[in-house]
Amino acid sequence: RLKASNSYRKIKIKKKEYEWLPLLPLIFAGDDVFIMLPAFYALDLARRFCEGFVNEIGEVLQDASEFPEISNKIKNKKIDQPSISAALIICKANYPYHLAHERGEKLLREAKRFSKRFREPGEAVAALSFEYVIGNQLVQSRAESERKATPTMNPYWILPPGYEDDVRKSESLKKLIDFRYALRDMPNGQRAQARELFSEFVNTFNREHDESRKRKVRQAWSKRANAWLARLKNVYEFVDKAEPAWLVALHKALGDLGEPHSHGAADQAFWRELMRYKEDQPEHRHAFPDLLEIWDYAQDLDRPLSDYQEKE
């Protein structure tokens, strides 16, 4: 029944030339799936696969005519609705299979732990962790870090829980993919400046131990980030007489992927302060560095790659 469901047909790209996307199942047994596929659309395909799995399995199990006992238990919240967690490793084709699988298993455990921690009884949730391997080295093992400022939101929500406080523990993977399209014309130079800006904050903030000094670092960084955005706006308005669409999207992305509640304020916080596992140890996280790292692989499955070519 699942193979005939609409969710699987929706995975196809609407453009005719991209009607088929090659997939190679390496492990397909029980509730484990390990798939190799082209990196360009891997993030969005994983998102759609998880979303389709939860929706379709949930619909089947709640069908009282087919599974009356399970349907009744789900309805009365005696058992949870089906959920799914996923891990994505982006690497070269010659990267050792066993290393990719080993790292994927570790990321999968992190995603499972995260989704179980913040789901309420009866909720169907889905979460995904991803990492990018350059050569034989991970870009960063950022999800493992116990530092107080971490340039990642991993794991990401695919289907978030119902409570807003729990939703804020991470970010929507779909939002990351949507901002990739909105920022498609952002020049390489400005992306490099953004990487440097975020890296500077992490390095400086994590050297401090005194809370008052951390607060000053955070305030100083926010001022520098706002000054950088204002400088970009002035340059483009002087040259092009208008603020480009990608710069408008950048303003929004830095707020929405970090601390959206302060978006547009003079003292915009940017970094999201949250607590995941240790209630007495707040973390500062932001999703924009993730987008920069996975830039070439965050395309929407419904759009051809030509839509993402930077305009001259």
Side-chain angles (χ1 to χ4, degrees), residues 14-15 40-41 43-44 47 130 132 149 151-154 156-158 160 164 167-168 170-202 218-274 284-312:
K14 294 177 181 178
K15 302 293 182 180
F40 289 113
Y41 291 107
L43 195 66
D44 197 31
R47 179 189 71 81
F130 62 82
Y132 178 32
T152 183
M153 279 289 183
N154 261 321
Y156 279 80
W157 291 122
I158 296 175
E164 178 61 25
V167 174
R168 276 180 50 81
S170 187
E171 192 49 80
S172 161
L173 188 62
K174 180 64 165 62
K175 187 185 292 186
L176 202 70
I177 292 169
D178 289 344
F179 271 122
R180 172 61 182 91
Y181 180 72
L183 292 163
R184 62 193 180 281
D185 293 325
M186 185 177 181
N188 287 330
Q190 276 65 62
R191 297 206 303 272
Q193 291 173 8
R195 286 191 187 94
E196 183 179 350
L197 196 64
F198 278 95
S199 179
E200 176 199 3
F201 175 80
V202 171
R218 190 166 58 244
Q219 291 170 348
W221 189 89
S222 294
K223 289 180 180 179
R224 182 175 176 186
N226 278 315
W228 174 62
L229 291 170
R231 188 166 59 251
L232 288 176
K233 181 178 180 180
N234 290 337
V235 168
Y236 280 95
E237 286 183 343
F238 177 79
V239 174
D240 300 328
K241 308 301 181 184
E243 186 177 8
W246 69 262
L247 187 51
V248 175
L250 178 61
H251 278 261
K252 186 170 175 56
L254 291 178
D256 287 6
L257 296 177
E259 184 47 80
H261 296 302
S262 69
H263 182 52
D267 58 345
Q268 183 169 348
F270 288 108
W271 289 80
R272 188 178 307 180
E273 188 173 343
L274 52 84
H284 288 75
R285 289 179 176 262
H286 205 291
F288 196 76
D290 284 329
L291 180 57
L292 293 173
E293 295 296 353
I294 205 166
W295 188 264
D296 292 330
Y297 311 106
Q299 287 85 356
D300 189 316
L301 199 59
D302 285 335
R303 299 182 184 276
L305 292 177
S306 57
D307 282 3
Y308 290 87
Q309 292 179 353
E310 183 182 327
K311 294 180 182 177
E312 298 293 338

Subject >> Distance, nearest 0.5 Å, that separates CZ of Phe201 from CZ of Arg218 >> reply: 6.5 Å
Original post:
Looking only at side chains, do Asn188 and Arg191 share a donor and an acceptor under 3.5 Å apart?
Top reply: yes
Subject >> With Glu259, the side-chain hydrogen bond (donor to acceptor under 3.5 Å, both in side chains) member among His286, Arg168, Arg272 >> reply: Arg168
Subject >> Plane angle bin for Phe40 and Tyr297 - parallel if under 30°, tilted between 30 and 60°, otherwise perpendicular >> reply: tilted
Original post:
With side chains defined as the heavy atoms from C-beta onward, is the minimum distance between Asp296 and Tyr132 less than 4.5 Å?
Top reply: no
Original post:
side-chain contact (heavy atoms from CB on, under 4.5 Å) between Lys175 and Leu257: does it pass, once the steps are laid out?
Top reply: CA-CA 8 Å; Lys175 187 185 292 186; Leu257 296 177; 3.8 Å; yes
**OP:** Taking all heavy atoms of Phe130 and all of Asp290, pick out the closest pair and write down the distance.
**Re:** CZ-CB, 3.9 Å
Subject >> Close side-chain approach of Leu197 to Glu200, heavy-atom, < 4.5 Å >> reply: yes
Subject >> Closest heavy-atom pair and its distance - Leu250, Leu183 >> reply: N-CD2, 3.5 Å
Original post:
Mind checking whether Phe288 and Phe179 have ring centres under 6.0 Å apart?
Top reply: no
Original post:
Should Tyr156 and Glu171 count as side-chain neighbours, where that means a heavy-atom distance under 4.5 Å?
Top reply: yes
Original post:
For the residue pair Trp221 and Phe198, is the inter-centroid distance of their aromatic rings smaller than 6.0 Å?
Top reply: yes
Subject >> Side-chain heavy-atom pair Glu196, Trp228 within 4.5 angstrom cut-off >> reply: no
**OP:** With the side chain counted from C-beta on, respond yes when Arg180 and Leu291 share a heavy-atom pair under 4.5 Å apart, and no when they do not.
**Re:** yes
**OP:** Might you point out which heavy atoms bring Pro289 and Pro151 nearest each other, and give the distance in Å?
**Re:** CB-O, 3.3 Å
Subject >> Between CD1 on residue Ile177 and CG on residue Leu301, distance to nearest 0.5 Å >> reply: 9.0 Å
Original post:
What is the distance from atom CE of Met153 to atom OG of Ser172, rounded to the nearest 0.5 Å?
Top reply: 11.5 Å
**OP:** Report the C-alpha separation of Glu243 and Tyr236 in whole Å, then their side-chain angles, then the decisive distance to 0.1 Å, and conclude whether the side-chain contact (heavy atoms from CB on, under 4.5 Å) test is met.
**Re:** CA-CA 6 Å; Glu243 186 177 8; Tyr236 280 95; 5.9 Å; no
**OP:** Check step by step if side-chain contact (heavy atoms from CB on, under 4.5 Å) holds for Trp271 and Val202.
**Re:** CA-CA 11 Å; Trp271 289 80; Val202 171; 3.8 Å; yes
Original post:
Once you round to the nearest 0.5 Å, how far does CG of Asn154 lie from CD of Glu293?
Top reply: 11.0 Å
Original post:
If we only count heavy atoms from C-beta on, is the Lys233 to Leu229 side-chain gap below 4.5 Å?
Top reply: no
Subject >> Distance in Å, Leu173 CG paired with Leu43 CG, rounded so as to fall on 0.5 Å steps >> reply: 4.5 Å
**OP:** Determine, for Trp246 and Arg184, whether the Lys NZ or Arg CZ falls below 6.0 Å from the six-membered ring centre while staying within 45 degrees of the axis.
**Re:** no
**OP:** Starting at CG of Leu247, measure out to CG of Asp185 and round the result to the nearest 0.5 Å.
**Re:** 12.0 Å
